[in-house]
Peer 1: 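Below are the structure tokens for one structure; questions will follow.
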Protein chains: 2
Amino acid sequence: MANIKEIAKLAKVSVSTVSRVLNDHAYVSGDKRKAVLEAIEHLNYSRNMSAVQLINGKTNVIGVMLPFINHPYFTGLVEGISAEALKNNYQLMLCQTDYNELNEINVLKMLKTKQIDGIIICSKHMPLDQIEPYARYGPIVACEDVGSSPVSSVFLDHYTSFRRGINYLIERGHRHIGFCLGRNNGVNSQMRRRAYVDALTSIQEAIREEWIFYQSYRIEDGVDVLRKLLQMETRPTALLVTSDQVAAGIIMEAGKNGLRVPEDLAVIGFDNQPIAEVFDLTTIDNQLYEMGSQAFRIAYDQIMKIRELPEYRELEYRLIERSSV
Amino acid sequence: MANIKEIAKLAKVSVSTVSRVLNDHAYVSGDKRKAVLEAIEHLNYSRNMSAVQLINGKTNVIGVMLPFINHPYFTGLVEGISAEALKNNYQLMLCQTDYNELNEINVLKMLKTKQIDGIIICSKHMPLDQIEPYARYGPIVACEDVGSSPVSSVFLDHYTSFRRGINYLIERGHRHIGFCLGRNNGVNSQMRRRAYVDALTSIQEAIREEWIFYQSYRIEDGVDVLRKLLQMETRPTALLVTSDQVAAGIIMEAGKNGLRVPEDLAVIGFDNQPIAEVFDLTTIDNQLYEMGSQAFRIAYDQIMKIRELPEYRELEYRLIERSSV
DNA sequence: CTGAAAGCGCTAACAC
DNA sequence: GTGTTAGCGCTTTCAG
């Protein structure tokens, strides 16, 4: 491959002039510019971006840390990040961690070794304090509430949104309420569990652990949940389900077993995915696209030094009323 | 940030010795190695990978070109790619093109400018001959049949698989058969359409354009398809649907409108996604995970010069019989 | 085993 | 406006 030197020679100019043309600098005369352009054309030249990155100390790449990509929650986030990245001439490094700490550390290390300019954490396993030391190498933005930290965040108040969901059910006469979560150790999950406990306590209902389901991510997990419900002597009359996919599975399987929604079982989903509309599912929209694009902006502004300090932005959830409650 | 020179000074060795330690070369005495390691530790040093990439002419990154990520077809592919990449210490650059030619060209250019070592094309819009010239800059692997080309490929015989699906329907007495595709101009789509025409011709059925649906990707698109079907005076009795999501939407909406599956409408899906099992959907598994991991291997082997020539690998589809036919 | 030195390809003072 | 030149941080001959 040709390099800048050969272009300079062919165009009979210096390498700096070539560089100026390449970077659209002013102060290059028309004919020299033209000569350079012709040489570039003629030699089919392209910049070697590794060299550019070395000298600029910048890659124009943002790392996206997530456990797995094949879930609408994460693709929703990524769509938002991606749209904003495209506008700002940034690329995305997709880093699937499987919630494995070693993989997560590797992503952080990529920041330190300058393979990426910043990181957006869609979801993580490792504790925050292991992440924080890396914030000095570039902006890190989490899509969950991290409190005050060198790590920025865009988040929803999952405590309030979950309580809002439960209250909505209580207002409609439900007292036997269960819920389904993804992980049981994430920040978001813990806040939700707390909201659940507080809400049930306020109406003097006992917490029944058998009505709480973890590791529910996909439609087939919802099917499993419903089947477990069928085994119980006392069933909850309502379920808060932190993924529309899982809620859809529950509703599907309920239908197969002659359980009516919402009469026999009310369901509230989360995320407001297209599948929620198809299933006429009442759901809590938590603005994934918006969250992703804001996360990118925060990272970007920090890379560009438009802003120096970490930022914490709270987004509003919305309750979408349909007919599953 | 500390650099290799400072490490050398602190460890009282030359930079080449530091480099040897960094790269696990043999022939470094125990105490020098230890001194270097201590200096690295002490200065919290990390390699600057931009410099490494410049000198090696290699990034250890593969670009993944796809129109959008929020569809199980693509996430399935990406999971396969990703698993193999992880094993081989490669990173993935996620390049969403929205089927926009300019975006697609940009991905190709990243290969030329050495931002990535190779490209896996999950799906594309632009014609192959615009892509081929870029194959000299690094391996390009397409997840569709590209014939004999400098571009490698992993693919299914979509003509045969589609015909197999239609014949399966015909054997069960169907003659009024429609289908749903994603795009209408992709290679895969064209082969499928041809299979459809040939099969119907062989049983002397006319092609009815109103039974052919394009731009069907998601569950809500399936809902639309079924609604359109309801408007027709003569409806197909069976549908071949190139996405389990769309098929699920069709079945959902059929149920709401009192149409029984398969009695009133038989449905075959594609991809064998989890949702197919939940809906008891007969489907054609086209091995997305396997396709993704093989695509990575082909690219990888070529980067590593284990193999020089492009490769064309055909995968086997499988018909998964459930109860929607 | 170790070090000196020559780049990899590019950018950006700095001088003219 | 343009060219010269000193790096960016690293790897790798080549001598010893």
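Every value quoted in this text rests on a predicted model; they were computed, and no experiment measured them. Residue numbers start from 1 in every chain, and the chains themselves are labelled A, B, ... in the order their sequence lines are given, proteins ahead of strands.
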Peer 1: Rounding to an integer number of Å, can you tell me how far Lys12(B) NZ sits from dA4(C) C1'?
Peer 2: 19 Å

Peer 1: May I have all residue pairs that pass salt bridge (Lys or Arg N to Asp or Glu O under 4.0 Å) and include part of residues 131-155 of chain A, sequence neighbours excluded?
Peer 2: Lys124(A)-Glu144(A)

Peer 1: Which is more 5' along DNA chain C, the nucleotide nearest Ala51(B) or the one nearest Gly30(B)? Just name the residue.
Peer 2: Gly30(B)

Peer 1: Check whether any side-chain nitrogen or oxygen of Asn3(A) sits under 4.0 Å from OP1 or OP2 of dG9(C), and answer yes or no.
Peer 2: yes

Peer 1: Using a 4.0 Å heavy-atom cut-off, does Val18(B) contact any base of the nucleic acid, only the sugar-phosphate backbone, or nothing at all?
Peer 2: nothing

Peer 1: Could you give the CD1-to-C1' distance, from Ile4(B) to dT12(D), as a whole number of Å?
Peer 2: 11 Å

Peer 1: Examine dC8(D): is either OP1 or OP2 under 4.0 Å from a nitrogen or oxygen in the side chain of Lys5(B)? Give yes or no.
Peer 2: no

Peer 1: Side-chain N or O of Arg47(A) versus OP1/OP2 of dT11(C): is the shortest distance under 4.0 Å?
Peer 2: yes

Peer 1: Is any side-chain heavy atom of Val15(B) less than 4.5 Å from a side-chain heavy atom of Ile7(B)?
Peer 2: no

Peer 1: Let me know the distance between CD of Gln53(B) and C1' of dT11(D), rounded to the nearest Å.
Peer 2: 14 Å

Peer 1: Do Arg47(B) and Asn23(B) have side-chain heavy atoms sitting under 4.5 Å apart?
Peer 2: yes

Peer 1: Mind checking ring-ring contact (aromatic ring centres under 6.0 Å, His included) for Tyr137(A) and listing every partner two or more places apart, or none if nothing turns up?
Peer 2: none

Peer 1: For dC8(C), take OP1 and OP2 only and decide whether either is under 4.0 Å from a side-chain N or O of Lys114(B).
Peer 2: no

Peer 1: I need the CZ-C1' distance between Arg33(A) and dT2(D), as an integer number of Å.
Peer 2: 13 Å

Peer 1: OP1 or OP2 of dT12(D) sitting under 4.0 Å from any side-chain N/O of Tyr27(B)?
Peer 2: no

Peer 1: What's the CG-C1' distance between Asn48(A) and dC10(D), to the nearest Å?
Peer 2: 14 Å

Peer 1: For the pair made of CD in Glu6(A) and C1' in dC8(C), what is the distance, rounded to whole Å?
Peer 2: 13 Å

Peer 1: Rounded to whole angstrom units, what separation is found between the NZ atom of Lys34(B) and the P atom of dC1(C)?
Peer 2: 17 Å

Peer 1: Just the table, please: protein N/O against nucleotides 12-16 of chain C N/O, every pair under 3.5 Å.
Peer 2:
none

Peer 1: Ignoring backbone atoms, test whether Ser14(B) places a side-chain nitrogen or oxygen under 4.0 Å from the OP1 or OP2 oxygen of dA4(C).
Peer 2: no

Peer 1: Evaluate the side-chain proximity of Asp117(A) to Val61(A): yes if any heavy-atom separation is below 4.5 Å, no if none is.
Peer 2: no

Peer 1: Using the ring of each side chain (for Trp, its six-membered ring), is His125(A) parallel, tilted or perpendicular to Tyr99(A), with breaks at 30° and 60°?
Peer 2: tilted

Peer 1: Tell me if the centroids of the rings in Tyr73(A) and Tyr217(A) come within less than 6.0 Å of each other.
Peer 2: no

Peer 1: Take atom CG of Leu54(A) and atom C1' of dG7(C), then tell me their distance rounded to the nearest Å.
Peer 2: 13 Å

Peer 1: Check this one for me: any side-chain N or O of Ser29(B) less than 4.0 Å away from OP1 or OP2 of dT2(C)?
Peer 2: yes

